[in-house]
Amino acid sequence: MDRAQILLVGLPLFLFFSDVIHLFSGPQPQPQPQPQPQPAAVHHRHNQELQSVFREQTPPHSGVGFGNTVSIDFCASCSYRGTALTLKNMLETQFPGISVVLANYPAPFPKRILSKVVPIVQFGVIGIIMGGEHIFPRLGFASPPQWYYSIRANRFGSMASTWLLGNFLQSFLQSSGAFEVYTNGELVFSKLKENRFPGEIELKDLVSRRISVSTV
């Protein structure tokens with residue numbers, strides 16, 4: 001047999017026996033692929049490492065405004081709280097580490113005393129409107145005065161007017177109209193003197209100037 005005949009006969013026999021061997025030996029176990037780290041997980045772990053290094057290198061008490069205190073005393077009954085919160089957030093952003101304290105600026109003492117009297121007068125007037133026929137004789141009057149009958153004719157309107165007017169008067173007596181800003185105990189802006197609110201840029205400059213002086 002020449003080489004060509006040997007190749008034609010031997011190659012099919014080799015393939016046949018190799019198929020038989022694979023058939024009885026069973027499938028070979030496939031190696032398990034190693035899990036590859038996801039890009040997001042790698043990025044997150046890298047950010048955590050950078051943050052830990054940054055925290056180690058940054059001192060615990062630092063910032064332009066550290067050690068300084070700004071007090072904003074405003075009229076709580078005048079709806080000034082929104083303006084105070086806006087300026088508080090601005091100062092904390094511009095001067096990291098600064099302490100901004102919000103507090104109510106009370107009205108003068110005589111006005112506060114009068115504001116306590118208003119509810120008593122309100123309930124007294126409403127009580128007279130409701131039962132004046134029994135109250136006036138106990139006070140020594142033979143009959144109620146003429147104005148009582150005029151108010152009594154529109155009982156519910158008179159009580160509503162008394163309640164609304166009393167609430168308005170009480171709010172007026174409790175309001176101080178103040179918006180005072182102090183930096184480290186020193187007054188830097190007063191609405192009572194300026195008759196206006198401070199601008200954000202203006203207040204930032206005033207506080208920055210006071211902080212610089214305190215630092216020096």
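These numbers come from the heavy atoms of this one structure, side chains and all, not from hydrogens, waters or symmetry mates. Residues take their numbers from the sequence shown, with the count starting at 1.
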Verdict with reasoning, F95 to S208, per side-chain contact (heavy atoms from CB on, under 4.5 Å)
CA-CA 8 Å; F95 307 100; S208 176; 3.8 Å; yes
Please report the C-alpha distance between V181 and L206 in whole Å, then the side-chain angles of each, then the deciding distance to 0.1 Å, and finally whether the side-chain contact (heavy atoms from CB on, under 4.5 Å) criterion is met.
CA-CA 10 Å; V181 182; L206 292 172; over 6 Å; no
Could you go step by step and tell me if T183 and R209 meet the side-chain contact (heavy atoms from CB on, under 4.5 Å) rule?
CA-CA 10 Å; T183 303; R209 217 173 299 154; over 6 Å; no
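- Shortest non-hydrogen contact noted between P119 and Q170 is CG-NE2, 3.5 Å.
- Atom CZ of F189 sits about 12.0 Å away from atom OH of Y182, to the nearest 0.5 Å.
- The heavy-atom pair separating S176 from P106 by the smallest distance is CB-O, 3.7 Å.
- Atom OG1 in T162 sits 6.0 Å away from atom CD1 in I126 (nearest 0.5 Å).
- Nearest approach of P145 to Y149, heavy atoms of both residues: O-CD1, 3.4 Å.
- Remark: side-chain polar atoms of N184 are not paired, donor with acceptor, to backbone N or O of N68 under 3.5 angstrom.
- Note: the hydrophobic cluster containing L165 does not contain V117 (ILVMFWY, side chain heavy atoms under 4.5 Å, direct or indirect links).
- Using the six-membered ring where Trp is involved, F136 and Y148 have ring planes that are perpendicular, over 60° apart on the 30 and 60° scheme.
- By the 4.5 Å heavy-atom criterion applied to side chains, V101 and V70 are not counted as neighbours.
- Two residues are said to be in side-chain contact when any heavy atoms from C-beta on lie closer than 4.5 Å; I211 and I98 meet this criterion.
- In this structure, OG1 in T83 is found 10.0 Å from CD in E200, a value given to the nearest 0.5 Å.
- Side chains of L87 and P198 form a contact here, defined as non-hydrogen atoms less than 4.5 Å apart.
- Counting heavy atoms from C-beta on, the side chains of K191 and F74 never come closer than 4.5 Å.
- In terms of hydrophobic clustering, with Ile, Leu, Val, Met, Phe, Trp and Tyr side chains grouped at heavy-atom distances under 4.5 Å, L164 and I120 are assigned to different clusters.
- No single ILVMFWY cluster, assembled from side-chain heavy atoms under 4.5 Å apart, contains both F168 and V125.
- When all heavy atoms of M130 and M159 are compared, the pair lying nearest together is SD-SD, 3.5 Å.
- S175 approaches C78 most closely through the heavy-atom pair CB-SG, 3.4 Å.
- At a threshold of 4.5 Å between side-chain heavy atoms, the hydrophobic network of Ile, Leu, Val, Met, Phe, Trp and Tyr places I201 and I72 in two separate groups.
- In summary, the side chains of Q174 and S77 do not present any donor paired with an acceptor at a separation below 3.5 Å, with no hydrogens or angles considered.
- Within a 6.0 Å radius of CZ in R196, other residues, nucleotides and ligands contribute more than 12 heavy atoms.
- P137 approaches G132 most closely through the heavy-atom pair CD-O, 4.0 Å.
- Judged as a side-chain hydrogen bond (donor to acceptor under 3.5 Å, both in side chains), and not counting sequence neighbours, the contacts of E186 are R210.
- Counting only heavy atoms from C-beta outward, the side chains of E180 and L187 approach each other to under 4.5 Å.
- In this structure, K111 forms a cation-pi arrangement with F172, its terminal cationic atom sitting closer than 6.0 Å to the ring centre and no more than 45° off the ring axis.
- One distance of note links OG of S115 with CG of L169; it measures 9.0 Å at 0.5 Å rounding.
- Residues K88 and L102 have side chains in contact (heavy-atom distance under 4.5 Å, counting atoms from C-beta outward).
- Counting heavy atoms from C-beta on, the side chains of F197 and Y80 come closer than 4.5 Å.
- Sequence neighbours left out, the pairs with a member in residues 102-126 that pass ring-ring contact (aromatic ring centres under 6.0 Å, His included) are F123-W163.
- Taking CD of Q94 as the reference point, atom NZ of K204 lies at 4.5 Å (rounded to 0.5 Å).
- One distance of note links OG of S158 with CD1 of I129; it measures 5.0 Å at 0.5 Å rounding.
- L173 is not listed as a side-chain neighbour of K116, based on a closest heavy-atom distance of 4.5 Å or more.
- Side-chain N or O atoms of T93 include one that pairs as donor or acceptor with a backbone N or O of N89 at under 3.5 Å.
- Remark: R81 CZ is loosely packed, at most 12 non-hydrogen atoms of other residues, nucleotides or ligands lying under 6.0 Å away.
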Assess whether side-chain contact (heavy atoms from CB on, under 4.5 Å) is satisfied between V207 and L91, documenting all intermediate values.
CA-CA 9 Å; V207 173; L91 291 174; 4.1 Å; yes
